[in-house]
Amino acid sequence: MQSEHTPKEFSILSYIEQNSDATQRQLSEHVGVSLGMINILLKRLVKKGLVKIERLQPNSVKYFLTPQGIASKLERTYGYIVRTYRELSLFKGSIKGVLHTLITDRNKDRVWFFGPDDDFILVVRELLASDFPELEERIIMEQDQVKALLKKEPNSLLLTWNADSFSYIESLGVTPVHILSKVTVLDTKDCEG
């Protein structure tokens with residue numbers, strides 16, 4: 001059922017679900033298409049049985065999701081969540097492989113991670129906890145910490161995931177390793193189910 005409607009139609013269904021008093025103009029602004037296109041898309045959704053239109057006054061209507069529209073939206077959302085988790089799992093596996101390649105027994109004492117406190121650091125922390133627990137304390141996020149580290153341990157192997165962090169380390173005369181540049185690109189066909 002989820003392939004029966006386009007992303008724009010799905011966006012309309014989501015907006016109507018959250019805003020039962022939505023106007024075509026609001027839908028147009030939300031979806032980013034013309035009023036004429038919204039009219040066409042709404043007629044298509046009505047024809048598919050996903051939306052019902054109730055005329056309140058001669059120039060005023062109210063849009064409702066039908067039970068079929070709600071089910072279709074939920075199915076599409078479920079599919080998106082499943083694909084996202086599958087892609088995240090593949091991505092983590094790829095990162096794990098990269099870390100195993102970069103971190104060897106002979107260089108573990110030199111490895112440090114440097115980058116912003118963002119969502120990717122959560123992946124790094126999770127992988128370190130499961131595969132390299134001795135490196136969990138080797139994450140630094142401040143530029144001053146990097147300078148101090150390089151003064152104390154000039155042969156450190158700095159791993160990063162952020163272009164700004166990479167550039168900063170390079171400006172200190174050290175060539176870091178950008179973890180994400182080592183990750184193989186995921187084929188989204190492998191993630192569809």
Using atom types as modelled and distance alone, determine if a side-chain donor or acceptor of [X] lies under 3.5 Å from a backbone N or O of [Y].
| X | Y | result |
| --- | --- | --- |
| Ser94 | Val183 | no |
| Thr101 | Gly97 | yes |
| Glu87 | Thr84 | no |
| Arg83 | Gly79 | yes |
| Thr77 | Lys73 | yes |
| Asn19 | Ala22 | no |
| Ser72 | Gln68 | no |
| Asp118 | Phe120 | yes |

*Angle class for the Phe166/His178 ring planes (parallel below 30°, perpendicular above 60°, tilted otherwise)?*
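Judged by the thresholds at 30° and 60°, the geometry between Phe166 and His178 is tilted.
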To the closest 0.5 Å, what do you measure between [atom1] ([X]) and [atom2] ([Y])?
| X | Y | atom1 | atom2 | value |
| --- | --- | --- | --- | --- |
| Ile169 | Gln143 | CD1 | CD | 9.5 Å |
| Glu126 | Ile121 | CD | CD1 | 12.0 Å |
| Arg138 | Lys108 | CZ | NZ | 11.0 Å |
| Leu27 | Asn39 | CG | CG | 11.0 Å |
| Ile53 | Ile16 | CD1 | CD1 | 8.0 Å |
| Gln145 | Met141 | CD | CE | 9.0 Å |

*Mind running salt bridge (charged side-chain N to carboxylate O under 4.0 Å, His left out) on Lys96 and Asp131 for me, showing each step along the way?*
CA-CA 8 Å; Lys96 184 176 183 175; Asp131 290 55; 3.6 Å; yes
_Residues forming a ring-ring contact (aromatic ring centres under 6.0 Å, His included) with Tyr15, sequence neighbours excluded_ =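 Here the qualifying residues are His30.
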So which atom in [X] and which in [Y] form the shortest heavy-atom distance, rounded to 0.1 Å?
| X | Y | answer |
| --- | --- | --- |
| Ser165 | Gly115 | OG-CA, 3.4 Å |
| Lys92 | Val123 | CG-CG1, 4.0 Å |
| Thr160 | Phe114 | OG1-O, 2.6 Å |

Sub-4.5 Å side-chain heavy-atom contact between [X] and [Y]:
| X | Y | answer |
| --- | --- | --- |
| Tyr168 | Lys147 | yes |
| Thr104 | Asn107 | yes |
| Met37 | Leu41 | yes |
| Arg44 | Glu9 | yes |
| Leu50 | Leu65 | no |
| Phe113 | Val124 | yes |
| Leu74 | Tyr78 | no |
| Ile139 | Arg125 | yes |

*Test Leu102 against Val111 for side chain to side chain contact (heavy atoms under 4.5 Å, CB included), laying out the working first.*
CA-CA 9 Å; Leu102 294 173; Val111 174; over 6 Å; no
_So that I can tick it off, tell me whether Arg110 and Glu153 are bridged by a salt bridge, with the cut-off set at under 4.0 angstrom between side-chain N and carboxylate O._
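Answer for the salt bridge query: no.
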May I ask whether [X] and [Y] are part of the same hydrophobic cluster, defined by side-chain heavy atoms of I, L, V, M, F, W, Y residues being less than 4.5 angstrom apart, directly or through others?
| X | Y | value |
| --- | --- | --- |
| Leu158 | Leu99 | no |
| Ile179 | Leu135 | yes |
| Leu13 | Val33 | yes |
| Trp112 | Leu159 | no |
| Ile38 | Val61 | yes |

*Is the number of heavy atoms from other residues, nucleotides or ligands under 6.0 Å of Tyr85 OH greater than 12?*
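Counting other residues, nucleotides and ligands, OH of Tyr85 stays at 12 neighbours or fewer.
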_Heavy-atom neighbours of Glu134 CD exceed 12 at 6.0 Å_ =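 Yes, CD of Glu134 has more than 12 neighbouring heavy atoms, counting only those of other groups under 6.0 Å.
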*Could you verify whether a donor N or O on one side chain and an acceptor N or O on the other, from Ser167 and Asp164, lie under 3.5 Å apart?*
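No, Asp164 and Ser167 have no side-chain donor paired with an acceptor closer than 3.5 Å.
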_Does Gln24 form a side chain to side chain donor-acceptor pair (under 3.5 Å) with Tyr63? I'd like the steps, not just the answer._
CA-CA 10 Å; Gln24 284 192 9; Tyr63 303 102; 3.1 Å; yes
_I'd like to know whether Leu180 forms a side chain to side chain contact (heavy atoms under 4.5 Å, CB included) with Ile95, so could you lay out the CA-CA distance, the side-chain angles of the two residues, the decisive distance to 0.1 Å, and finally the verdict._
CA-CA 8 Å; Leu180 296 177; Ile95 295 294; 3.8 Å; yes
